[in-house]
Amino acid sequence: MKTTSVSEDVVALSRKAGSARRLQDKLTIVLFLLPAIVLFSIFLVYPIFQSVYYSLFSWKGFGPAVDFIGLDNFKHILTDRIFLKSVGNGLLIVVLSLTIQLPLSLVLALMVRRNLRGRAFFRMIFFIPYVLSEVITGIIWLILYNPDPAYGFINALLTRIPGFEPQAWLGDTRTVMLALFVVVTWKYFGFHMLLYLAGLQSIPPEIEEAALIDGVNERQMITYITIPLIRSTIRTSVYLSVLGSLQVFALVWIMTKGGPVNASEVMSTYMYRFTFERFEFGYGSAVAIVMLLISLIFSLVYQRLVRQKIT
Amino acid sequence: MREFRKIMVFTVLVTFMVSMLFIGTSCKQKAVAPQTTAAKPVTITWWHIQTADAEKALWQSLADEYMAAHPNVTIEITVLANENFKTKLTTVMQSNTPPDIFQSWGGGEMNEYAKAGLLKDITANLDSGGWRDTFSPGALGAYSFEGRNYGVPRDMGMVGFWYNKELFTKAGIDNPPTTWTELLKDVKMLKNAGITPIAVGEGDKWPGAFWWEYLATRIGGQAAFDAAYSRKGAFTDAPFVEAGNKIKELVALKPFQNGFLGATQNDDAASMGNGKSAMDLMGQWAPGTYNDSSADKKGLGDKLGWFPFPTVEGGAGNPTDALGGGNGFIVGKNAPPEAVDFLKYISSVDSQIAQAKINLSVPVVKGAEGGLTDPLLKIVQQGTAAAKYFQLYYDQAMPPAVGSVVNDSVQGLFAGTLTPEKAAQQIENSAAKEIK
């Protein structure tokens, strides 16, 4: 452009060009998002609505759903003693995870963060359970928990104590939930430890050095400096832990199938039983919707609470 | 560095292209059907669950023979492990594309498929040329629904007690029990001798359900089940509650291995195979699983014995009545006529003898019994054939929902968390809803 223009023209021109570019930017954004949105809609949004639809039917899963029963499925779910028990069991895992698993992960993270000999080794060891598939984990622990001391390592060890009778950890309604919780903790503490380690790495060393110069002791350092500085990591970890606990499935299904007599039933095993064992796909869809709502409500409330704390 | 990157990119590209080439050719192989004769090329899809080498090979050789004799037919076999098969089948059934020939246990689940119009009616084929008469009628009946046939059996066996003769002798028991009272007495004798009387994999639920179902069959006979199933009676009728009471009596003696409520059938088989428990109420597949699950892979050998479920004093059932079930193949709705012809081929006497020889099947086709070599399986086969009334396992005789409630409720009986009345009521509630 050779013309020499007055400044206003330049401004007008550049504004015009700017708005054109902004439009183009938006178009670019939309185009880049499109594949993700399409996939998201087909594989997530559409099935959810499909489940909502089927949840209103008594449907066996074959052929078209015709037997419309309104909200009857939901009425059954919310009054079924076993479903309520499964919610209770889910909450038990949530509470135990928050009070035992996460603090344990944090302590371990603080420990392997130090300049100890072999810390890389321990970091790796602690993380291995998380890498294993849930099915493999379940089978390993099934063998460990075997009530026959000839097979089950835990009973073999404990029966060395005089007077100790071999226990059916997974076959006893009183011990099964705790036994499962041990496995859930074993499987996932490494993941939370890693989250905390990442959070700890983002703490600028200057702050802690300054604190040291000011003469804080170790306990003060951890409670007043380190933990407050990784608060956002802790929030994420709590969120993931609660959602994970509410949706735990494979470990429970492989180890106990929710038994004995529903003692370790959780929402997902309950859903699976009705859908794939009893062929009540309508009812199973309704359970899925209830699970979705519980998780959704938790997410929204949690986000709200956390946001309020920030401001 | 740049050179290196170029080489890397080149290698990746070449690998990619070569693999595409392979995919291309393998697709082509599938698409082109042999066209050696004038007959229209036909493809039959066949899903079975025999993953063991000898069994898989037998099915493959039968398919090969058939294809050699019928050059226009291609048989595509898909071999799946039991649980995988169930999951995958549910998916294809929902998408309305059943395989042409596939594994089935008959009864309730098959009926659901038949009701949904997913199966091919082969009644006419069975009636022509006397095909129907080659089968034992009880076994064939499991693959019919409302008078129409949708498939044929290949195996049928009754549940009974597999027991360790050595442990029985050790406890001072000379003969296996023939009545429920004797059974309870023997359980006490075994316990006194420090032997675990009974192995049960109650974590899987169906092994315990065998007990309850057999008791109901002994106490109420065919009449009780027929009444409840036809909805003229109910599962709260006396025989079903009484069956629960008997289980309560048994459970009170604490006769099972430690942790039986969480045990799987594999644990149960290991307990038997390693000679730790004295008896096990189980189907015709039991000896194989004992051998497989025992520490030395040999199982009990000659020490293994078999006796039928004892009678219950005052029960209406006939002592020969048997509880059991078996395996078969059913035909998908889109199957070509050739598929039915092939099904006929694999259920011939010769094929059944070959299956019996490798202990794959307890034969259901007349004249194939001779193929059985195992003396205990011969007894099972004879008991099955002699049964006046053959009661299919409840979880197969009834819709899956009711079967599943039966299994769940009986677990409650074994755990002592449900009373016999309450368990019967749960089953009745489900039956009232599902059986119309």
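Throughout, protein chains are lettered first and strands after them, A, B, ... in sequence-line order, and every chain is numbered starting at 1.
No more than 12 heavy-atom neighbours from other residues, nucleotides or ligands sit within 6.0 angstrom of NZ on Lys170(B). Annotation for Lys422(B): atom NZ does not count as buried by contact number, only 12 or fewer foreign heavy atoms lying within 6.0 Å. Around the CD atom of Glu134(A), the shell of radius 6.0 Å holds more than 12 heavy atoms that belong to other residues, nucleotides or ligands. Other residues, nucleotides and ligands contribute more than 12 heavy atoms inside 6.0 Å of the CZ atom of Phe68(A). Atom NZ of Lys298(B) sits in a sparse spot, with 12 or fewer heavy atoms from other residues, nucleotides or ligands closer than 6.0 Å. When the shell of 6.0 Å around CZ of Phe164(A) is examined, it contains more than 12 heavy atoms from other residues, nucleotides or ligands.
When every heavy atom of Pro147(A) is checked against every heavy atom of Gly259(B), the shortest pair comes out as CG-CA, 4.1 Å. Considering every non-hydrogen atom in both Tyr151(A) and Ser293(B), the closest pair reads OH-O, 4.3 Å.
Inspection of non-hydrogen atoms places Pro166(A), Gln167(A), Ala168(A), Leu170(A), Gly171(A) of residues 166-174 of chain A under 4.5 Å from chain B. Taking 4.5 Å as the heavy-atom cut-off, the residues of residues 270-283 of chain A that approach chain B are Arg273(A), Phe276(A), Glu277(A), Arg278(A), Phe279(A), Glu280(A), Phe281(A), ordered by number.
Of the atoms belonging to Lys115(B), not a single heavy atom falls under 4.5 Å from chain A. For Lys276(B), the part lying near chain A is the side chain, with the backbone staying farther off; criterion is any non-hydrogen pair under 4.5 Å. Heavy atoms closer than 4.5 Å to chain A are found in both the backbone and the side chain of Val405(B). Residue Phe260(B): no heavy atom, backbone or side chain, is found under 4.5 Å from chain A. Of the two parts of Ala263(B), neither the backbone nor the side chain holds a non-hydrogen atom closer than 4.5 Å to a non-hydrogen atom of chain A. Leu118(B) touches chain A through its side chain: at least one heavy atom from C-beta onward sits under 4.5 Å away, while N, CA, C and O do not. Residue Ala401(B) touches chain A through both its backbone and its side chain, counting heavy-atom pairs closer than 4.5 Å. Interface residue Asn258(B): backbone and side-chain heavy atoms are both found under 4.5 Å from chain A. For chain A, no part of Glu202(B) is nearby; none of its heavy atoms comes within less than 4.5 Å. Residue contact with chain A, scored on non-hydrogen atoms closer than 4.5 Å, involves the side chain of Asn274(B) exclusively.
Highest contact tally toward chain A, considering only Ser271(B), Gly108(B), Ser404(B), Gly262(B), is held by Ser404(B) [criterion: heavy-atom pairs under 4.5 Å]. Per-residue heavy-atom pair counts under 4.5 Å with chain A were compared for Thr87(B), Asp408(B), Asn96(B), and the maximum is reached by Asp408(B). Contact count against chain B (heavy-atom pairs under 4.5 Å) is highest for Gly61(A) among Gly259(A), Pro64(A), Gly61(A).
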>> One pair to check against side chain to side chain contact (heavy atoms under 4.5 Å, CB included): Lys257(A) and Asp204(B). What are the steps and the verdict?
In response: CA-CA 8 Å; Lys257(A) 288 200 161 77; Asp204(B) 283 346; 4.0 Å; yes
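When each of Asn146(A), Asp148(A), Leu142(A) is checked for a side-chain contact (heavy atoms from CB on, under 4.5 Å) with Asp267(B), only Asn146(A) meets the rule.
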